[in-house]
Amino acid sequence: MESTLILYNTLSRKKEIFQPLNPPFTGMYVCGPTVYGDPHLGHARPAITFDVVFRYLQHLGYRVRYIRNITDVGHLENDEDQGEDKIAKKARLEQLEPMEVAQYYSDRYFIFMEAMNVKRPSVEPRASGHIPEQIEMIRKIVDAGYAYEVNGSVYFDVLKYNEKYKYGKLSGRILEDLLSNTRELEGQEEKKNIVDFALWKKAQPEHIMRWSSPWSEGFPGWHLECSAMGTKYLGEHFDIHGGGMDLMFPHHESEIAQSRIANGSDSVKYWMHNNMITINGQKMGKSLGNFITLEEFFTGNHPGLSQAYSPMTIRFFILQAHYRSTLDFSNEALQAAEKGLKKLFAGIETLKKITSVDPSVTTTSGINIQQLSDNCYQAMNDDFNTPMVIANLFEGVRIINSVWDKKESLSQADLELLKNMFGLFMGDILGLKEETKDGGDEVVQGLMDLILAIRKDVREKKDFSTSDKIRDALQSLKITVKDTKEGTVWSGD
RNA sequence: GGUAUCGUGGCCGAGUGGUCAGGCAGAGGUCUGCAAAACCUCGUACAGCGGUUCGACUCCGCUCGAUACCUCCA
């Protein structure tokens with residue numbers, strides 16, 4: 001399938017043809033989590049969104065280097081604790097070493113991402129492991145005259161930058177508006193201007209995480225780590241930078257400014273932003289306290305959840321919406337996703353059982369598998385339209401079931417095409433895989449065979465009350481029995 | 001206040017200037033001992049008001065409403 005990938009570039013606010021700087025090599029950087037809390041549903045969205053981008057680019061034959069950072073330092077918290085590092089704050093509260101906290105939560109992050117079948121990126125760099133690179137970058141910016149030092153802290157001079165370049169071009173901000181609207185925050189009197197942002201902060205005595213630098217013992221500013229690590233692993237120019245929409249300003253805006261000065265040119269070709277997940281129409285976020293962690297979803301252990309939802313259900317739920325749309329969480333929506341996903345997997349099971357086709361059928365009437373497959377490619381090529389892909393998969397399931405019911409027939413070629421389509425789009429690209437199901441136990445299998453054989457006997461004698469008693473008893477053990485034309489099948493829940 | 005995004009049937013959610021999303025729920029039917037599953041049929045949805053057009057849910061304008069960002073957040 002030869003076709004062109006088009007993606008929406010936040011920078012131009014247009015869909016653009018994807019043309020990597022050095023094909024077939026492709027560089028992609030995505031802002032990862034700050035590891036000071038358990039991952040919640042909001043973290044799943046960018047991880048899954050860019051996982052699909054990663055998978056699809058690879059499928060198209062690109063050699064992708066995918067970087068997703070771990071922020072374990074330098075993320076300032078400005079609300080209650082003045083200028084205190086998030087990791088350090090959490091560490092003090094829990095009486096743990098800062099790196100212990102970072103380790104714990106990054107481990108948790110990886111576990112939950114793996115459960116949702118999110119592939120590990122090529123490199124997962126930590127900010128704390130790249131202090132020299134960050135210092136070097138600050139030095140370049142200082143040397144270029146776009147940063148100034150005050151009491152051991154270094155700030156980026158946004159006003160000066162704006163004279164020559166445009167600060168705000170990504171987010172559509174106008175500097176004058178920012179100057180008149182930005183809220184006054186305490187502890188920022190060092191800055192020449194409120195819009196300036198920190199590249200290096202001098203550590204207060206109580207601050208545990210600190211490194212030496214030409215300016216002071218301290219720690220790097222948040223925006224810097226992504227610029228420094230992106231440059232280190234992907235070079236001064238790379239293709240895609242992704243992240244949540246809420247990071248557009250000031251984080252990504254500041255990255256653009258820093259890289260522009262330090263590297264002498266714009267570093268990112270395509271900016272991609274996923275939209276937010278909302279709950280009751282409001283953004284689910286840490287600051288609002290309305291977030292539900294992934295563990296709570298997987299266990300159902302949260303007052304807002306009427307049941308547990310499996311990792312694949314969460315993944316499917318997210319992929320059912322386009323990544324640039326907001327996605328509203330509700331139990332109803334999640335249950336719908338769960339059922340829909342089950343239907344897709346049931347279709348795949350049925351597809352596996354269709355082995356022989358009617359040899360007389362060379363062409364099929366009304367069924368165009370090639371068209372279905374093409375639709376999937378077109379959907380992916382049009383800015384990763386996963387909901388459209390899913391709609392076509394459902395159409396595929398309808399065909400599968402019709403064929404199984406002998407209401408439709410397929411040619412051998414079409415059958416192969418259909419199998420490939422499901423394997424590719426459902427499995428490789430959307431990354432949806434069947435979750436572990438029991439039944440591998442030989443004893444259980446033997447018992448079930450025995451029980452169903454007995455049930456078969458009584459059914460043949462039209463002793464339906466006994467037959468139903470067995471089925472009901474099994475159902476109460478969460479084993480569903482179905483009598484199909486091909487015999488009785490069972491499935492554990 | 002500024003900037004941006006968005007308003008689609010009971011719910012979730014695509015998309016397009018003139019045939020159709022799709023899923024879940026609901027109604028009827030086929031099949032089946034009954035269930036279940038599956039298949040078929042069914043909803044006159046595009047915030048409101050104007051404008052452009054032969055024709056708009058889709059383009060333009062206005063109004064109303066929602067959300068995000070402007071301070072940390074994926």
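Because only heavy atoms are used, hydrogens play no part in the values below, and waters and symmetry mates are left out as well, while side chains stay in. None of these values were measured; they are calculated from a predicted model.
- Using a 4.0 Å heavy-atom cutoff across all strands shown, A:Thr49 reaches no nucleic acid atom at all.
- Counting any heavy atom pair closer than 4.0 Å across all strands shown, A:Leu327 reaches sugar-phosphate atoms only and no base atom.
- Using a 4.0 Å heavy-atom cutoff across all strands shown, A:Lys462 reaches no nucleic acid atom at all.
- B:rA38 atom P lies 11 Å from atom NZ of A:Lys339, rounded to whole Å.
- Whole-Å rounding puts the A:Asn275 CG to B:rA4 P distance at 16 Å.
- Smallest separation of non-hydrogen atoms from A:Val52 and A:Leu319: CG2-CD2, 3.7 Å.
- The distance from the CZ atom of A:Arg471 to the CD1 atom of A:Ile451 is 15.0 Å, given to the nearest 0.5 Å.
- Taking atom NZ on A:Lys482 and atom C1' on B:rA36, their separation rounds to 6 Å, with Å as the unit.
- For the contact set between residues 466-477 of chain A and RNA chain B, defined by any heavy atom under 4.0 Å, the members are A:Ser467, A:Asp468, A:Arg471.
- In this structure, A:Asn274 does not reach the B:rA74 phosphate: none of its side-chain N or O atoms is under 4.0 Å from OP1 or OP2.
- Backbone-only contact: A:Ala333 has heavy atoms under 4.0 Å from sugar-phosphate atoms and none from a base.
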**Item:** Watson-Crick and G-U pairing of RNA chain B written in dot-bracket, each distance under 3.5 angstrom, with | for inter-strand partners
**Value:** (((((((..(((.....[...))).(((((.......)))))....(((((..]....))))))))))))....
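- The CD atom of A:Gln320 sits 13 Å away from the C1' atom of B:rA21 (whole-angstrom rounding).
- For A:Ala379, the side-chain contact (heavy atoms from CB on, under 4.5 Å) partners two or more places apart in sequence, or in a different chain, are A:Asn385, A:Met388, A:Val389.
- Contact check for A:Tyr56 versus A:Thr386: no side-chain heavy atoms found under the 4.5 Å cut-off.
- The side chain of A:Arg455 lies closest to B:rG33, out of B:rA14, B:rG33, B:rG22.
- Residue contacts for A:Asp328: at a heavy-atom cut-off of 4.0 Å it reaches the sugar-phosphate backbone alone, with no base atom in range.
- Out of B:rG33, B:rA21, B:rC70, the shortest distance to the side chain of A:Arg459 is found at B:rG33.
- The structure places CG of A:Leu327 at 4.0 Å from CZ of A:Phe317, a figure rounded to the nearest 0.5 Å.
- Within the cation-pi definition used here (under 6.0 Å to the ring centroid, within 45° of the axis), A:Arg68 does not qualify as a partner of A:Phe50.
- For A:Lys283 and B:rC69, the shortest distance from a side-chain N or O to OP1 or OP2 is below 4.0 Å.
- Aromatic ring orientation, A:His251 versus A:His223: tilted (interplanar angle from 30° to 60°).
- Ring centers of A:Phe298 and A:Phe112: under 6.0 Å apart, within the cut-off.
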